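Note sheet for the following structure.
Quick note: numbers below take in every heavy atom, side chains included, and nothing from hydrogens, waters or symmetry partners. Labels below follow one simple rule: chain letters A, B, ... track the order of the sequence lines, proteins then strands, and each chain is numbered from 1. None of these values were measured; they are calculated from a predicted model.
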Amino acid sequence: MPELPEVETIVQQLKKKLVGKKINYVEVLDKKVVDNDVKKISGSKVVKVWRRAKSIIIELSGKKFLLVHLRMTGHFHYVSKGKKLDPFFEKFVVARFNLSDGSMLTHNSIRLFGSIRLLSLEELEKELSKLGPEPLEISFKEFEKIILGKKGNVKTTIMDQKVIVGIGNIYAQEALYWAGIDPSRKCGDLSFDEIKKLYNQIKRVLLLAIKHHGTTIENYAHIEGAGDFQKLLAVYQSKKCPKKHLLKKISLGGRGTYYCSQCQK
DNA sequence: TGATATGTTATCTT
DNA sequence: CAAGATAACATATC
């Protein structure tokens, strides 16, 4: 679901729709997902929108920040002035941001996981400092050092947001397939060449997925500009690898893991 | 009907 | 104590 490429795509869309606009008032429909304090942003302007890991940060005038985490089923819908939200999504609306130009941004959450919180700059920095480095910015040397220092299996390790951010169950499996590495291998056992391949493939897969605006798996996750990377998935939830070998499915860290025992060693 | 899917965190275990 | 492993969260879908 939303991993780095999907969140990046959503950020680009939000940027276009929100930056420079004023938020007239906010309706909070589910206080568990959306902090009631978020109402306080009424009257402020959207200055900037950016991504860190799988989080969306919306900067508002007056040095206030909305930290949005979609978790699995959170998504936004932008409704132009005079238009209505698709009734299918209406029942999952947890917050409504009414903009001064008459348009509206809704935040929907099916399983009520994610969160939207209003933070000061200090609070935001504190939250973000808990996260590992960005995979598209980290150097190979740093990456190698991190991986060699870990003892668990590679797949669970690269999905750990304290180790490296943005990689979830889909892209972890894809990157490991293209790198030719068995997902259950222990980090410390990987050779220099394998770590190099993994580093390159994580970047390649993420960048390619960003180009395709992410992966759209579940029909209810559809939003404007939903991506089509699912057409390019090698192993995730499929039966055969691109070379037509039958895939194996195991569980690592409580997550379904598909891999090819012939292509991945 | 119950297993499965998902990202993160709290909690248990080594 | 630290790091790894696992359960818990919610709910639609198969």
Atom-to-atom span, CE of Met72(A) to P of dA12(C) - whole angstrom: 13 Å
Report, one line per pair, each donor and acceptor closer than 3.5 Å where one atom sits in a side chain of residues 248-261 of chain A; sequence neighbours left out.
unit_1, atom_1, unit_2, atom_2, d
Thr257(A), OG1, Lys155(A), NZ, 2.8
Thr257(A), OG1, Arg255(A), O, 3.0

Lys249(A) side-chain N/O to dA5(B) phosphate OP1/OP2 under 4.0 Å: yes
Considering only distance and modelled atom types, tabulate donor-acceptor pairs under 3.5 Å from the side chains of residues 59-72 of chain A, sequence neighbours left out.
unit_1, atom_1, unit_2, atom_2, d
Ser61(A), OG, Lys45(A), N, 2.8
His69(A), ND1, Arg71(A), N, 2.9

Selection from dT4(B), dG7(B), dA12(C) that lies nearest to any side-chain heavy atom of Ile110(A): dA12(C)
Residues Glu194(A), Arg185(A): salt bridge by 4.0 Å N-O rule: yes
Length of the CD-C1' vector between Gln237(A) and dC14(C), whole Å: 12 Å
Spacing between Lys162(A) atom NZ and dG4(C) atom C1', to the nearest angstrom: 10 Å
Closest listed nucleotide, where the reference is the side chain of Tyr258(A) and the choices are dA10(C), dA8(C), dA5(B): dA5(B)
Side chain proximity check, Val93(A) to Leu85(A), heavy atoms < 4.5 angstrom: yes
5′-ward residue of the pair Phe113(A)/Asp160(A) relative to DNA chain C: Asp160(A)
Between C1' of dT8(B) and CE of Met159(A), the distance in whole Å: 10 Å
Non-hydrogen side-chain atoms of Asn98(A) and Glu27(A) separated by less than 4.5 Å: yes
Those residues of residues 122-151 of chain A lying under 4.0 Å from DNA chain C by at least one heavy atom: Lys150(A), Lys151(A)
Earlier contact from the 5' end, DNA chain C, for Asn153(A) and Arg71(A): Asn153(A)
Length of the NZ-C1' vector between Lys186(A) and dA5(C), whole Å: 11 Å
Lys196(A) bridged to Glu144(A) by N-O distance under 4.0 Å: no
N/O donor-acceptor pair, side chain Arg111(A) with base dT13(C), under 3.5 angstrom: no
Given dG7(B), dA10(C), dA5(B), the nucleotide with the shortest approach to the side chain of Asn169(A): dG7(B)
Minimum side-chain heavy-atom gap Lys22(A)-Leu99(A) below 4.5 Å: no
